[in-house]
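Notes follow the structure.
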Amino acid sequence: MQLVQLRRISSTTVSSLSTSLNLSLNHHIRNGRIADARKLFDRSQEHRDVATWNTMISGYCKNGQIKNAQHLFDEMPQRDVITWNTMLGGFYRSNDMENLVGCFLEMGRTGVKPTEFTLASVISAVSETGFGVLVPQLHGNAVCLGLNSSVFVGSALIGGYTSLGGCLRSDDLRQVFDEILAKDVTSWNALISGYMSVGDVAEACRMFGKMPERNVVSWTCLVQGYIQNKKMDDARRGFDKMPEKNVVSWTVMISGYERNGRFEEALELFVLMLNSGVQPNEFTLSSVASACAGSSFLVFGRQVHSSILKTGVPTDVLLLSSLVDMYAKCGDITAAESVFETIPEKSLPSWNSIVGGYAKHCYGTRTLELFERMKRHGIKPDNITLVHVLTACAHGGLVEEGEAHFESMVGKFGIQPEKEHFACMVDLYGRAGELEKAKNLIKRIPFEPDIVVWGALLGACGLHSNLEFGLFAAEEMYKLERDHPAAYSLLSKIHGDKGEWARVVELRKMMEVGTKKQKAGSWIGA
DNA sequence: GCGACGGCTT
């Protein structure tokens, strides 16, 4: 009896010692002093329990030090399910899908049974990063473990199935939702987003009406859903009805306008946001910078830039890339380059912004230099990069380089050329006077050439006053779109160069009847 | 009594 009591006392003493240790560890971690936490951890060997290790691992994961987390994980004398879940969360945070899936499988081999925590994080991780094919299997897994009725797993599954895209029916979402036992507001939110993502706006709205409670996220899901489905005015009506708005709600609406080319409305809304007292974050400012880029509003863009510097908003790579793009599109390529050079870890969009900027400003050689530098940094170009590169070659008369890069698309980078790339090549050959080559390339295009492709050929014919090819291209354009103003004006230019003034007058008349003059765009040379 | 992991929106 006494012995039992003594044991109980000593075990509570040990556990309270480790409890206070873990609390101070956590205190250090929460205040960003991860190194102090580690020192304390190293000093307290005899008081550590599993939770101590878990706290330290979690601290490393939160600070993005996944390698240190892995080392501790490997050194640990014993692991519990929380240890595994913490590591999975760490890989998720550092976007390391390979290791995440590997860790999950290893966990299974070790005989540790996944909890709802495990499945929820693995499901949301695989659906975000292109391993979406695993979602139905994880669903099966969840059903076997009886975890599909969990709110966490269920909500993650709705998001996961949604990310599968086209091959999903609305009913499938409903079924996953119905499997959830105690539905909370988050699972309802997931359902609304899901319906919106598969384009079932009506069902999304119906369910929104049936929700037992709504929070700011529910409303934001609704607004975002309308935007996804190109119903901008419904989105704005929903936005105006919101009982409260946070930085995400404002950002969703602003970026919605921006992505739909309604730049002025995006900027107007940004001003309203500032007046409402909600502080913008890096996502907001990135959209606003893009809106400035889209509307060539350099003055506003500069203000945004300086307010970022003044307020000390965290400048992430996305925001800085948008600023580069803004300066480039607004014509200040020097500012674009100096912002670009400040980006510590340049991403694909960063490189695309600066490469595109130089391409637009007709610095052919400079564009190609940057492209080479980009590849040396191990960044794999995408279809957008190649459009910029080919544009630069076309504008700079770099025929051989353009041909080489066009060939390298499929050969080296596995990028299938799209209409834009063919249009660039037609433009490249056309400007260089190789009209025959341009026409032959059009024949090789594996899909129906569009107005941009024929337009490129026609433009080149205008440049070189080639009537035969020009008429051919104009005819093809006419089949696709009657009364295209460019067709008339270029043909009349060619006729004019040939001195056939009667035809010019005739074309001008046809043009006045058939078309309105196109609105002028950016002042940067095309 | 307190501490370690998760689902929906930019």
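Lettering follows sequence order; numbering is per chain, from 1.
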Legend entry - Side-chain heavy atoms of A:His421 within contact of A:Gln416, under 4.5 Å: no
Inset, instruction - Taking only heavy atoms on the protein side, list every residue of residues 275-284 of chain A lying under 4.0 Å from any atom of DNA chain B, sorted numerically. - result: A:Asn281, A:Phe283
Inset, instruction - Would you indicate, yes or no, if B:dC5 has its OP1 or OP2 atom less than 4.0 angstrom from a side-chain nitrogen or oxygen of A:Lys62? - result: yes
Inset, instruction - Find the distance A:Leu269:CG to B:dT10:C1' and express it as a whole number of Å. - result: 13 Å
Legend entry - Listed nucleotide nearest any side-chain atom of A:Ala190, set B:dG7, B:dC8, B:dA4: B:dC8
Inset, instruction - Give a yes or no on whether a salt bridge exists between A:Asp96 and A:Lys67, defined as a side-chain N under 4.0 angstrom from a carboxylate O. - result: no
Inset, instruction - Choose from B:dC5, B:dT9, B:dG7 the nucleotide whose nearest atom is closest to any side-chain atom of A:Val248. - result: B:dT9
Legend entry - NZ or CZ of A:Lys346 within 45° of A:Phe340 ring axis and under 6.0 Å: yes
Legend entry - Nearest-neighbour nucleotide for the A:Ser187 side chain, B:dG7, B:dT10, B:dC5 considered: B:dG7
Inset, instruction - Using atom OH of A:Tyr195 as one end and atom C1' of B:dC8 as the other, report the distance to the nearest whole Å. - result: 15 Å
Inset, instruction - Output yes when A:Asp240 and A:Arg236 qualify as a salt bridge under the 4.0 Å nitrogen-oxygen rule, no when they do not. - result: yes
Inset, instruction - Look at A:Ser249 and B:dT9 and indicate whether a side-chain polar atom (N or O) is within less than 4.0 Å of OP1 or OP2. - result: no
Legend entry - A:Phe208 ring center within less than 6.0 Å of A:Trp188 ring center: no
Legend entry - A:Leu21 CG to B:dA4 P, straight-line distance once rounded to whole Å: 14 Å
Legend entry - Atom pair distance, as rounded to whole Å: CD1 in A:Ile29 and P in B:dC5: 9 Å
Inset, instruction - Consider the side chain of A:Ala51, meaning its heavy atoms from C-beta on, and name the nucleotide among B:dA4, B:dC8, B:dT10 that approaches it most closely. - result: B:dA4
Legend entry - Interatomic distance, A:His28 NE2 vs B:dA4 C1' [rounded to whole Å]: 16 Å
Legend entry - Protein-nucleotide distance (A:Phe239, atom CZ; B:dT10, atom P), rounded to Å: 15 Å
Inset, instruction - Choose from B:dA4, B:dC8, B:dG7 the nucleotide whose nearest atom is closest to any side-chain atom of A:Asp80. - result: B:dA4
Legend entry - Atom-to-atom span, CG of A:Asp184 to P of B:dT9 - whole angstrom: 14 Å
Legend entry - Spacing between A:Arg214 atom CZ and B:dT9 atom P, to the nearest angstrom: 18 Å
Legend entry - Closest nucleotide among B:dC8, B:dA4, B:dT9 to the A:Thr220 side chain: B:dT9
Inset, instruction - Please confirm whether A:Arg48 makes a cation-pi placement over A:Trp53, using NZ or CZ under 6.0 Å from the six-membered ring centre and within 45° of the ring normal. - result: yes
Inset, instruction - Consider the side chain of A:Asn85, meaning its heavy atoms from C-beta on, and name the nucleotide among B:dT10, B:dA4, B:dC5 that approaches it most closely. - result: B:dC5
Inset, instruction - Could you please name the option among B:dC5, B:dT10, B:dG7 that lies closest to any side-chain atom of A:Ile82? - result: B:dC5
Inset, instruction - Dump the intermediate steps for salt bridge (Lys or Arg N to Asp or Glu O under 4.0 Å) on A:Lys39 and A:Asp42, then the final yes or no. - result: CA-CA 5 Å; A:Lys39 273 181 210 152; A:Asp42 287 337; over 6 Å; no
